[in-house]
Amino acid sequence: MLEGNQALTLRASQHPEPLYFSGTFADAMMSLQTAMPHISRLQQIERTYPQLQGLSQASCQSPQAKQLLLGESLGMLFVELTSKCNERCLHCYAESAPERQDFLSFDEVHRSLQQARQLGRPFVQFTGGDPLIHRDLIRIIHATHALDFQGIEIYTNGLLLSDSMLAQLQPYQPQLSFSIYADCAEVHDLITRVKGSWKRTLAAMQRSIEQGFDVRAGVVVMQENADHIAELPQFLAQKLGLSPEHIRFDPVSTVGRAVTTHLPSHIHIQSSHAIAQGETRRGKLCIAANGDVYPCIFSRKFSLGNIRQMDLFSMLEDVHYQHLHKPSEERWQMCHEKLSCSDCQMVACLLSSPHTFGDTI
């Protein structure tokens with residue numbers, strides 16, 4: 001984590017491009033420069049370590065917020081096609097519901113996808129609300145497939161997934177991820193607040209598997225289904241033939257309607273988002289159904305901008321250094337408690353200012 005607001009730019013003979021140092025190291029180096037105007041100590045370091053040639057001429061420079069957000073490149077793009085949903089889940093972070101009317105037009109989605117592709121080769125997840133409600137879903141999937149992203153996923157409850165729609169999706173083979181909450185209708189339907197939804201979701205999953213689609217189960221764990229989580233993998237294996245690798249458990253995030261529920265203290269879910277040692281960090285972006293862009297699908301306190309007002313490139317360049325705040329223990333603890341992904345915790349902590357912190361991030 002960055003612990004300071006200074007950064008150093010180092011131009012060395014071995015490196016044609018500037019090198020950036022930030023945090024505690026940069027603070028210490030700048031203190032040396034201030035305390036010793038003739039920077040004899042830094043020159044001595046250069047003589048001892050030739051690879052640091054140029055250190056004594058290093059200057060303070062603000063780190064780029066764009067680099068904080070994206071890392072090496074954009075790795076994950078969430079696109080909320082619509083806020084309308086045919087369920088009204090207790091924990092919905094986006095507060096989707098049947099009466100919600102926000103949606104992204106095909107042109108808005110296509111333009112944003114083209115821009116995102118220039119920022120990297122991310123994995124794209126279409127969600128909502130429920131993306132199956134969007135009238136241009138098949139056209140959007142076709143356009144996404146043509147742009148050669150790392151992968152395409154449709155995250156849905158499956159209630160509208162007909163055989164006709166599956167046939168239209170066949171040429172593009174998107175991954176289909178279904179929200180399922182328990183091994184019984186009573187608990188699942190309690191969470192979705194739609195009677196019969198458990199049976200319809202399982203039927204959609206079965207049809208998708210039979211037609212050769214890569215199917216995943218997404219399980220959000222909260223107090224309402226905590227007692228049914230242990231049995232769910234075996235149930236899905238027997239019912240649908242799903243292996244544990246195709247079942248993902250995520251703790252509920254206290255965003256949106258989820259402020260009314262929580263994860264029981266005796267349940268511990270290890271985040272699957274951690275960056276492995278030596279792995280290149282790739283960032284995330286989320287485009288909401290009203291056009292707002294967020295650093296992550298759950299980190300909705302800090303909007304980067306709106307695609308109806310500026311493109312993604314301009315948004316990222318517009319996130320200036322003044323938005324990055326020296327992290328406090330209180331703010332870090334709040335990010336740690338409300339976000340399960342360590343990468344998102346770090347970004348939210350540095351982008352959120354003290355006065356923007358409330359009950360949600």
Side-chain angles (χ1 to χ4, degrees), residues 17 20 63-81 104-128 131 134 136-156 169-177 212-216 218 245-246 248 250 271-289 291-299 304-307 310-319 339-344 346-348 351:
E17 298 295 328
Y20 300 97
Q64 295 182 354
K66 177 181 177 182
Q67 198 169 29
L68 165 70
L69 289 166
L70 298 189
E72 291 296 320
S73 66
L74 181 61
M76 182 74 193
L77 178 67
F78 301 96
V79 183
E80 299 174 1
L81 295 180
L104 299 172
S105 69
F106 171 80
D107 289 340
E108 289 171 338
V109 174
H110 191 209
R111 184 169 59 251
S112 297
L113 289 171
Q114 290 173 319
Q115 294 165 13
R117 188 63 181 85
Q118 295 181 56
L119 295 171
R121 188 170 178 259
F123 188 92
V124 181
Q125 183 191 89
F126 292 105
T127 181
H134 199 287
D136 290 320
L137 175 64
I138 304 301
R139 189 180 175 199
I140 288 171
I141 297 299
H142 169 75
T144 309
H145 185 267
L147 288 169
D148 188 34
F149 284 93
Q150 180 182 339
I152 306 171
E153 179 179 79
I154 299 173
Y155 197 101
T156 176
L169 290 171
Q170 273 286 1
Y172 316 113
Q173 284 296 302
Q175 181 172 310
L176 300 178
S177 184
F213 286 89
D214 182 12
V215 169
R216 178 172 72 89
E245 292 76 22
H246 286 79
R248 173 168 166 166
D250 285 301
S271 172
S272 58
H273 305 276
I275 301 173
Q277 185 175 4
E279 181 181 348
T280 300
R281 177 180 172 268
R282 301 169 69 207
K284 306 173 186 174
L285 289 176
C286 169
I287 304 176
D292 284 341
V293 178
Y294 301 107
C296 176
I297 199 167
F298 295 120
S299 186
L304 303 173
N306 191 290
I307 61 169
M310 64 177 75
D311 57 43
L312 292 179
F313 310 117
S314 300
M315 278 183 220
L316 292 169
E317 294 298 333
D318 197 49
V319 184
L339 296 170
S340 61
C341 169
S342 58
D343 189 66
C344 293
M346 179 269 292
V347 172
L351 288 182

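Source: prediction; values computed, not measured.
When every heavy atom of S73 is checked against every heavy atom of G120, the shortest pair comes out as CB-CA, 4.1 Å. Across K284 and F78, no two heavy atoms sit closer than the pair CD-CE1, 4.3 Å. Taking every heavy atom of both residues into account, M315 and L304 meet most closely at CG-O, 3.7 Å. Residues P131 and F126 share a closest heavy-atom pair of CG-O, 3.6 Å. Here the shortest heavy-atom pairing between H134 and L104 reads NE2-O, 2.6 Å. Shortest non-hydrogen contact noted between A288 and Y294 is CB-CE1, 3.9 Å.
Rounding to the nearest 0.5 Å places CD of Q150 at 7.5 Å from CZ of F123. Put simply, CG on D311 and CD on Q114 are 12.0 Å apart, with the number rounded to the nearest 0.5 Å. Rounding to the nearest 0.5 Å gives a distance of 10.5 Å between OG of S105 and CG of L81. Of the inter-residue distances, the one linking I287 atom CD1 with L312 atom CG reads 5.0 Å to the nearest 0.5 angstrom.
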In sequence, state the C-alpha distance, the side-chain angles, and the governing distance for L77 and L113, and then conclude on side-chain contact (heavy atoms from CB on, under 4.5 Å). CA-CA 9 Å; L77 178 67; L113 289 171; 4.0 Å; yes
Assess whether side-chain contact (heavy atoms from CB on, under 4.5 Å) is satisfied between S314 and E317, documenting all intermediate values. CA-CA 5 Å; S314 300; E317 294 298 333; 5.8 Å; no
For H246 and Q175: C-alpha separation, side-chain torsions, deciding distance, then whether side-chain contact (heavy atoms from CB on, under 4.5 Å) applies. CA-CA 11 Å; H246 286 79; Q175 181 172 310; over 6 Å; no
Worked verdict on L169 versus F213 for side-chain contact (heavy atoms from CB on, under 4.5 Å): CA-CA 9 Å; L169 290 171; F213 286 89; 4.0 Å; yes
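Using a 4.5 Å heavy-atom cutoff, the side chains of R121 and D148 are in contact. Side-chain contact check for V79 versus T144: every heavy-atom pair is 4.5 Å or farther apart. Considering only heavy atoms from C-beta on, P122 comes within 4.5 Å of F149 through its side chain. Here the side chains of N306 and V293 are not in contact, with every heavy-atom distance at 4.5 Å or above. No side-chain heavy atom of T127 sits less than 4.5 Å from a side-chain heavy atom of I154. You'll find the side chain of L285 stays beyond 4.5 Å of the side chain of M76, heavy atoms only. Annotation: side chain of L316 is in contact with side chain of L119 (closest heavy-atom distance under 4.5 Å).
Sorted by first then second residue, the salt bridge (Lys or Arg N to Asp or Glu O under 4.0 Å) pairs that include residues 72-81, not counting sequence neighbours, are E80-R300.
Applying the side-chain contact (heavy atoms from CB on, under 4.5 Å) test to H145 and every residue at least two apart in sequence or in another chain returns I152, Y172. With sequence neighbours excluded, the residues satisfying side chain to side chain donor-acceptor pair (under 3.5 Å) with Q125 are E153.
Under 4.0 Å is where a charged nitrogen must lie from a carboxylate oxygen, and between R216 and D214 no such pair does.
A distance-only check finds a donor-acceptor pair linking the side chain of R117 to the backbone of L147 [under 3.5 Å]. Of the possible donor and acceptor atoms, none in the side chain of Q118 sits under 3.5 Å from a partner among the backbone N and O of Q115.
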